[in-house]
S.K.: 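Could you have a look at this structure, given as structure tokens, before my questions?
Because the structure is a prediction, the values reported are computed rather than measured. A note on names: the letters A, B, ... follow the listed sequences, proteins ahead of strands, and every chain is numbered from 1.
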2 protein chains.
Amino acid sequence: MKIQLLLTGNELMAGDIVDSNSSMMADFLGQHGWRIERKVTVGDDIELLVSEIKTQSESADVLIINGGLGPTVDDLTAQALALAAGTRLAEHPGAIAHLNHWCERRNFVLNQANLKQAVLPEGCGILANESGSAVGIHMVINNCQIFATPGVPSELRAMFRHEVLPKLQSDFSSDSIETRRLLVFGRGESTLQELISAQYPDWPVAIDLGFRASMPALEVKLTASGDDTALLDEWQQRLIDDIFQDTYVGNAPSSLAQATVDALYGEQLRLASAESCTGGMIASQITDIPGASQVFEAGWVTYSNAMKTALLGIDNELLSSVGAVSREVAEAMAESARQHSGADIAISVTGIAGPDGGTDSKPVGTVWIALTLPGDTHSYALHLPYGRSFFRTWVSAICLDLVRRAALGYTLEPAYLNRHRA
Amino acid sequence: MKIQLLLTGNELMAGDIVDSNSSMMADFLGQHGWRIERKVTVGDDIELLVSEIKTQSESADVLIINGGLGPTVDDLTAQALALAAGTRLAEHPGAIAHLNHWCERRNFVLNQANLKQAVLPEGCGILANESGSAVGIHMVINNCQIFATPGVPSELRAMFRHEVLPKLQSDFSSDSIETRRLLVFGRGESTLQELISAQYPDWPVAIDLGFRASMPALEVKLTASGDDTALLDEWQQRLIDDIFQDTYVGNAPSSLAQATVDALYGEQLRLASAESCTGGMIASQITDIPGASQVFEAGWVTYSNAMKTALLGIDNELLSSVGAVSREVAEAMAESARQHSGADIAISVTGIAGPDGGTDSKPVGTVWIALTLPGDTHSYALHLPYGRSFFRTWVSAICLDLVRRAALGYTLEPAYLNRHRA
């Protein structure tokens, strides 16, 4: 089945809003094994709309139109459908009944603007709208089933689920589709692609392989028919065992922070953080996860040297002799955070996020990270000169990954760090 | 000038990601008075891509392609362009130089997958990519200027600004369009719309008024021709003075955090934070702003009761008698943070983010915030039962706004809090 979308609205073209409706529709359709082949977006322009409806209905089996059903003059979908079908517009009794009911429930008087929403292409079917004033439109042009749906996301969601999908299911065959989204941290898309090609010349055609940068992790997506669940399970496991290994973080909707919390929880370990340049970002990402209180003890944001001394007891003379961005200070911060909090593991960060504060020997993007475990402290000098925001994101992600690795007993010198050594 | 977009990527069709790139491009183009006429989105399908490029290049003056420049087999833009133009693919020396440089900076060895990104339609121009491995492509087909750009938003942004826009400006006439995006915190769209309509029956037709939810703030967008800058200045000021008043945060690209840092810096005040349920989010947002070290002293993330006692000296008996989520504990946290850090202002938060931890008297979404200034402490009990993530975002935003208000000497009992009182 060939499905196309036609989205309409000046606000979509002007960049004022981001289109999340088509992603919602794709999700619904995908659950039945249907995918959208092509999507066209135009502003509120009657000629463009009529021309798109004609062209799309010629090549698609199903055309879903979204938007343009509202009461104002720039809502043109009904008119465009009538012109494309060569029919006239007429008041639709079912739509008028819906409007009357809708106004009654709100103590509104049905006005002329709203009444426009009942003027539809003659002979069309209507799709119920549970919450809004605009009914949807169902008609056939060029042997293509057309569904016109409202732009308001909550109205679209209900209409799609209760009106559009049942009609599609009764007219078209559907497959069940299984998807796995594997998160990998520390490996790039091109490296993985190469490793997978080399390792598996016999990669099964039944499994679709895709990649998506899901910053700072990478998402590897496996898709197959619902009949191939066992095959999917097998190849997911092969990928993890043969290739991803300790860079495998979990399956979406997990995340690096979720995996870190899970790893700590699994081993009954508690974490503390002492952050300078990341300024609370690590603590914030950890505590964003429900249940974080089971694994997170305390965090310090010691931005100035004075605060490193006052809160974490970092030796003043050490700070002035080796500087705040140094192995010694990073290690002292982590060890002090662990001691003061009684946590099992502590992570510390001290670096130069920029744009100011760099020197010749410690340029912007330089950072020291220390990870302290019972009886063992690891420290890392990295250089990530990619701008303040990017720097903070990457440093926080690396810290989360190091904590995850520590909890799971994986190597604490992952290869990806070598690309970033200071 | 007729501008069309062609977006490509299975992930766009499958609903995996929402397309924010076209909204970014529309924004950039709009600043020069250009609008996008039509936008087509297709998956990674070579036949569809070639057919779209042919059709679109016939009807448009400018076609901007986004996506499909990556190193993997499903990245097809270069190949599709070559097929549409009837040229062959060849290694592009400039693109190879870029890749070599890109790998060098990262200590990567240039691999076969990446090298694919230098295989481009013969005779095409390239567009510099400041941070990514994929150069952009510039060529002319059917007398239509075509720009192929990367899907990664940060790479697209830089390439659009520094490569695409200058080329368009040199070839096409542009109107200068002035836009002002006024950020307002604590007022809703429909309220503002109503206030503005009532206050200004004489709103000038030359100024376009728009609204956009820019969570958690609201963006009020004023647009006018570049000839009307003085009028724009005048009406912007009238809006601020008559209607927004102390809810006006600044003009985008500022943000609530930026405005808070600016306000503190302007008054030479320093801030400390003590966070429980927001877990470092306030500190993280403040320190995300360049120059935050001038205004931010220190932050504590005291998640457990034990840490509230150990780090901030909150009385154990107080905690067990009134509970961690209480006026007394919030005030003690703020006062202790101020004292321990020597900051001028301290903000504290203690609440129940959920999904667990609620009780009948303190349901999920309950939070106490305290703000302490020299000689003065304010505290607030709020109820924001909107889910963990939304809760943290809103609570952090309200805290930033209270600090901004304190620094600027505005009322510390803004009306919007009344909607959220516990």
S.K.: Should we count NZ of B:K221 as having more than 12 external heavy atoms under 6.0 Å?
M.R.: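 Atom NZ in B:K221 is crowded, with more than 12 foreign heavy atoms closer than 6.0 Å.
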
S.K.: Which one of A:G387, A:S293, A:G30 has the most heavy-atom pairs closer than 4.5 Å to chain B?
M.R.: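 The candidate making the most pairs under 4.5 Å is A:S293.
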
S.K.: Can you tell me which portion of B:N305 sits under 4.5 Å from chain A's heavy atoms? Options are side chain, backbone, both or neither.
M.R.: neither

S.K.: Does any heavy atom of chain A fall under 4.5 Å from the side chain of B:I36, the backbone, both, or neither of them?
M.R.: both

S.K.: Does any backbone or side-chain atom of A:Y386 lie under 4.5 Å from a heavy atom of chain B? Answer side chain, backbone, both or neither.
M.R.: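 Contact with chain B: side chain only.
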
S.K.: Working to the nearest 0.5 Å, report the span between OG of A:S22 and CG of B:L12.
M.R.: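 CG of B:L12 is found 8.5 Å from OG of A:S22.
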
S.K.: Given the options B:A26, B:G299, B:A113, which has more heavy-atom pairs under 4.5 Å with chain A than any of the others?
M.R.: B:G299

S.K.: Against chain B, label A:A292 side chain, backbone, both or neither, depending on which of its atoms sit under 4.5 Å from a heavy atom there.
M.R.: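 When you check distances to chain B, atoms from both the backbone and side chain of A:A292 fall under 4.5 Å.
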
S.K.: If we define contacts as heavy-atom pairs under 4.5 Å, which of A:T191, A:I282, A:V42, A:D356 has the most with chain B?
M.R.: A:V42

S.K.: List the residues meeting ring pair (Phe, Tyr, Trp, His ring centres under 6.0 Å) with A:H340, not counting sequence neighbours, and say none if there are none.
M.R.: none

S.K.: Need one label for B:E52: side chain, backbone, both or neither, based on atoms under 4.5 Å from any heavy atom in chain A.
M.R.: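 Just the side chain, heavy atoms under 4.5 Å.
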
S.K.: With respect to B:W300, which candidate in A:V301, A:T302, A:L311 satisfies the side chain to side chain contact (heavy atoms under 4.5 Å, CB included) definition?
M.R.: A:L311

S.K.: Among A:P290, A:A353, A:G357, A:S304, who wins on heavy-atom pairs under 4.5 Å with chain B?
M.R.: A:P290

S.K.: When rounded to the nearest 0.5 angstrom, what is the spacing between CZ in B:R105 and CZ in A:R419?
M.R.: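 So the CZ of B:R105 and the CZ of A:R419 are separated by 14.0 Å.
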
S.K.: To the nearest 0.5 Å, tell me how far B:N111 CG sits from A:E194 CD.
M.R.: 4.0 Å

S.K.: With a 4.5 Å limit on heavy-atom distance, are the side chains of A:E189 and B:P71 in contact?
M.R.: yes

S.K.: Measuring heavy-atom distances to chain B, does A:R181 have an atom under 4.5 Å in its side chain, in its backbone, in both, or in neither?
M.R.: side chain

S.K.: Count the heavy-atom pairs under 4.5 Å between each of B:L7, B:D19, B:N21 and chain A, then report the option with the highest count.
M.R.: B:D19

S.K.: Is it the side chain or the backbone of A:I289 that comes within 4.5 Å of chain B heavy atoms, both, or neither?
M.R.: backbone

S.K.: For B:T278, which atoms come within 4.5 Å of any heavy atom of chain A: side chain, backbone, both, or neither?
M.R.: backbone

S.K.: When you compare the side chain of A:D45 with that of B:E37, does any pair of heavy atoms fall below 4.5 Å?
M.R.: no

S.K.: Rounded to the nearest 0.5 Å, what separation is found between the OH atom of A:Y303 and the CG atom of B:L271?
M.R.: 12.5 Å

S.K.: Could you tell me which portion of A:E275 (side chain, backbone, both or neither) has an atom closer than 4.5 angstrom to a non-hydrogen atom of chain B?
M.R.: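 Neither part.
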
S.K.: Top residue by heavy-atom pair count (under 4.5 Å) with chain B, among A:G43, A:S389, A:S341, A:A310?
M.R.: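 Looking at each option in turn, the highest pair count goes to A:S341.
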
S.K.: Report yes if the side chains of B:N10 and A:R35 come closer than 4.5 Å at any heavy-atom pair, otherwise no.
M.R.: yes

S.K.: Report which part of B:V73 has an atom under 4.5 Å of a heavy atom belonging to chain A: side chain, backbone, both, or neither.
M.R.: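 B:V73 touches chain A through backbone and side-chain heavy atoms alike.
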
S.K.: Could you have a look at A:K308, A:Q285, A:M13 and say which one has the most heavy-atom pairs with chain B under 4.5 angstrom?
M.R.: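 Answer, by heavy-atom pair count under 4.5 Å with chain B: A:M13.
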
S.K.: Taking side chain as everything from C-beta outward and backbone as N, CA, C, O, which of these in A:A14 sits under 4.5 Å from a heavy atom of chain B? Side chain, backbone, both or neither.
M.R.: backbone

S.K.: Go through the atoms of A:S273 and report whether side chain, backbone, both or neither lie under 4.5 Å from a heavy atom of chain B.
M.R.: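 Neither part.
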
S.K.: Is any side-chain heavy atom of B:R38 closer than 4.5 Å to a side-chain heavy atom of A:T41?
M.R.: no

S.K.: Quick check: are there more than 12 heavy atoms from other residues, nucleotides or ligands sitting under 6.0 Å from CZ of A:R180?
M.R.: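 More than 12 heavy atoms, drawn from other residues, nucleotides or ligands, come within 6.0 Å of this atom.
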
S.K.: In terms of heavy-atom proximity below 4.5 Å to chain A, should B:F108 be classed as side chain, backbone, both, or neither?
M.R.: side chain

S.K.: Tell me if the CD atom of B:Q112 is crowded by more than 12 foreign heavy atoms within 6.0 Å.
M.R.: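 For B:Q112, atom CD is not crowded (no more than 12 foreign heavy atoms under 6.0 Å).
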
S.K.: Can you list every pair that meets salt bridge (charged side-chain N to carboxylate O under 4.0 Å, His left out) and has a residue in residues 288-298 of chain A, with sequence neighbours left out?
M.R.: A:R270-A:E297, A:D288-B:R392

S.K.: Is it true that a side-chain atom of B:S284 and a backbone atom of A:G280 form a donor plus acceptor pair closer than 3.5 Å?
M.R.: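 No, because the side chain of B:S284 does not come within donor-acceptor range (under 3.5 Å) of the backbone of A:G280.
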
S.K.: Do other residues, nucleotides or ligands put more than 12 heavy atoms under 6.0 Å from the CD atom of A:E47?
M.R.: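 It does not: A:E47 CD has 12 such atoms or fewer within range.
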
S.K.: What's the spacing between A:S190 OG and B:L115 CG if we round to 0.5 Å?
M.R.: 11.0 Å

S.K.: Grab the two heavy atoms, one from B:G291 and one from A:R388, that are nearest each other, plus how far apart they are.
M.R.: N-NH1, 4.5 Å

S.K.: Hey, which of A:M281, A:H420, A:R421 has the most heavy atom pairs under 4.5 Å with chain B?
M.R.: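 Among the listed options, the one with the most contacts to chain B is A:M281.
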
